[in-house]
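We name chains A, B, ... by the order of the sequence lines, and we start the count at 1 in each one.
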Amino acid sequence: MSVDEIFEKLLSSESIFKNKRVLSHDYVPEILPHREREIQKLAYILATALKGGKPSNVFMYGKTGTGKTAVARYVLKKLSERGERLGLDLSYAYVNCRYRKTNYRVLVKICDEIGCVGLPETGLPTDAIFDKLIRYIDMKEKLVIIILDELDWLVKTSGDDVLYQLTRINNELDRSQVSLIGITNDLKFREYLDSRVLSSLSEESIVFSPYNAQQIYDILKQRAEMAFRDQVVEDSALRLAAAIAAQEHGDARRAIDLLRVAGEIVERNGDSKLLEKHILMAKDEVEKDLIEMTVSELPLQEQLILLSIVKAHNNRNGSKKVTTGIVKSIYEEICHELGYKPVTLRRINDIISDLEMLGIISAPVVSLGRYGRTKLIHMEVPVKSIMKVFEKEERFSDVLAENNKK
DNA sequence: TGTCCACTGGAAGGGAGGGCTT
DNA sequence: AAGCCCTCCCTTCCAGTGGACA
């Protein structure tokens, strides 16, 4: 089929989607099923703002896809609508720390969100940005609510300095006030925090438990009705998607991804109904895409280490364990062959930790007694998807060719 | 019971690539 | 242009450690 034909086909056939945007990550529906309790609690806390007071800081915990972000956005949206009607000056900033791992970038993003735009991505002292933020907020008499999503990433990579400053920002403000909402999916995260920051941040806390299959089904049903034309989606397909997502610790976002990708597959194939088989196809595609994208965006050294880990697993005869030391020696061989300068063991160790954070590998520290202490490295994703990325990279072709010979 | 392996992971710092202010 | 300060990736140095083995 030529490109023209593809376009033609897509345009001429009636889309199975009614409103595809409903299935995107940042869409917040009018009704959030099974989160009534959490919404109420957050609304109670934030309602203080409507009377001109400063709401308590809130800490929200819960695994990925349990609705934390959606609840926060939902309540904030309602709050600012209501605030507007009452003539209150209220604004909020949403920052996902996963994509802005430094203090500086988080601050710039906050400024950006509340309308203080045009700050450079790099260059200024962090303090200068902080001052700008304070001055901007204090310009008008207003309440600013800052949502810090995936806060654990920020604290793990650059400490809690900014968090500390933010929890104390009200001392610096004369006319305005700031409330913080911290969101994390790492339940052990509290341990990393300075106790002053923790107590200030968790004046209130809300815990989100994972959805079960029935609840995910309800969510999917709601979205499917909005997203697809009538009679397109089979109920069994929704059940299956819900079951798959429930297995993976009740992640509703994953379930919605499955539904969206399945819809795309249906459309691509020119089918008219979304069935169980499409969900299964979507499952593979979603996983593969995610892994391939992650791996292909890794910096050179991280790719080299990952390649070494994959090789170590391939070479492993029988029960030989893959440890940091083994990866290091294979990595050094590969660097030698390809003419790269190898990084030190200390750096390798950090890279292994990074790969673990990304979920590509698991690397718990174990003690082998007499044989020392090390990380025991396992693959957490199919090797095939990783290799697919490396095979496309010309710079690795030499090592891979030799690998195939063996 | 103590030793000692093979690391782990904190701390400090450097230098390349970049932007801001003066 | 100089002098700061930023991030990112990396190095050097080193104290700390769980548990198999002698």
[X] [atom1] to [N] [atom2], straight-line distance once rounded to whole Å:
| X | N | atom1 | atom2 | answer |
| --- | --- | --- | --- | --- |
| A:Lys375 | C:dG18 | NZ | C1' | 16 Å |
| A:Leu376 | B:dA6 | CG | C1' | 13 Å |
| A:Tyr104 | B:dC20 | OH | C1' | 9 Å |
| A:Leu107 | B:dC20 | CG | P | 17 Å |
| A:Arg347 | C:dC13 | CZ | P | 18 Å |
| A:Arg346 | C:dA15 | CZ | P | 15 Å |
| A:Phe130 | C:dC5 | CZ | P | 18 Å |
| A:Leu368 | B:dT8 | CG | P | 11 Å |

Report yes if at least one side-chain N or O of A:Thr324 is closer than 4.0 Å to OP1 or OP2 of B:dT8; otherwise report no.
yes
Is the shortest side-chain N/O distance from A:Thr344 to OP1 or OP2 of C:dT11 below 4.0 Å?
yes
A:Thr69 versus A:Asp149, side-chain donor and acceptor atoms under 3.5 Å:
yes
Could you tell me whether the side chains of A:Asp218 and A:Gln214 share a donor-acceptor contact shorter than 3.5 Å?
yes
I'd like a table of atom pairs between the protein and nucleotides 1-5 of chain B - only N or O on both sides, under 3.5 Å - with the distance next to each one.
| unit_1 | atom_1 | unit_2 | atom_2 | d |
| --- | --- | --- | --- | --- |
| B:dC4 | O4' | A:Arg370 | NH2 | 3.1 |
| B:dC5 | O4' | A:Arg370 | O | 3.2 |
| B:dC5 | O2 | A:Gly369 | O | 3.1 |
| B:dC5 | O2 | A:Gly372 | N | 2.9 |

Any chance you could encode DNA chain B as dot-bracket? Rule is Watson-Crick or G-U wobble with both distances under 3.5 Å; [ ] for pairs crossing earlier ones, | for another strand.
||||||||||||||||||||||
May I ask you to decide if [Y]'s main-chain N or O and [X]'s side chain share a donor-acceptor pair within less than 3.5 Å?
| X | Y | result |
| --- | --- | --- |
| A:Gln303 | A:Val295 | yes |
| A:Glu113 | A:Tyr94 | yes |
| A:Arg35 | A:Thr66 | yes |

The nucleotide from C:dC10, C:dT7, B:dT8 with an atom nearest the side chain of A:Asn349 is B:dT8
State which of B:dT8, C:dG18, C:dC9 makes the closest approach to the side chain of A:Leu345.
B:dT8
Is the cationic atom of A:Arg395 (NZ for Lys, CZ for Arg) positioned less than 6.0 Å from the six-membered ring centroid of A:Tyr340 and within 45 degrees of its normal?
no
Can a salt bridge be assigned to the pair A:Lys328 and A:Glu332 using a cut-off of 4.0 Å between side-chain N and carboxylate O?
yes
Taking NZ, NE, NH1 and NH2 as the nitrogens, is one of them in A:Glu30 or A:Lys78 under 4.0 Å from a carboxylate oxygen of the other?
yes
Do A:Phe17 and A:Phe228 have ring centres separated by under 6.0 Å?
yes
Sugar-phosphate only, base, or nothing, as touched by A:Pro364 at under 4.0 Å among non-hydrogen atoms
nothing
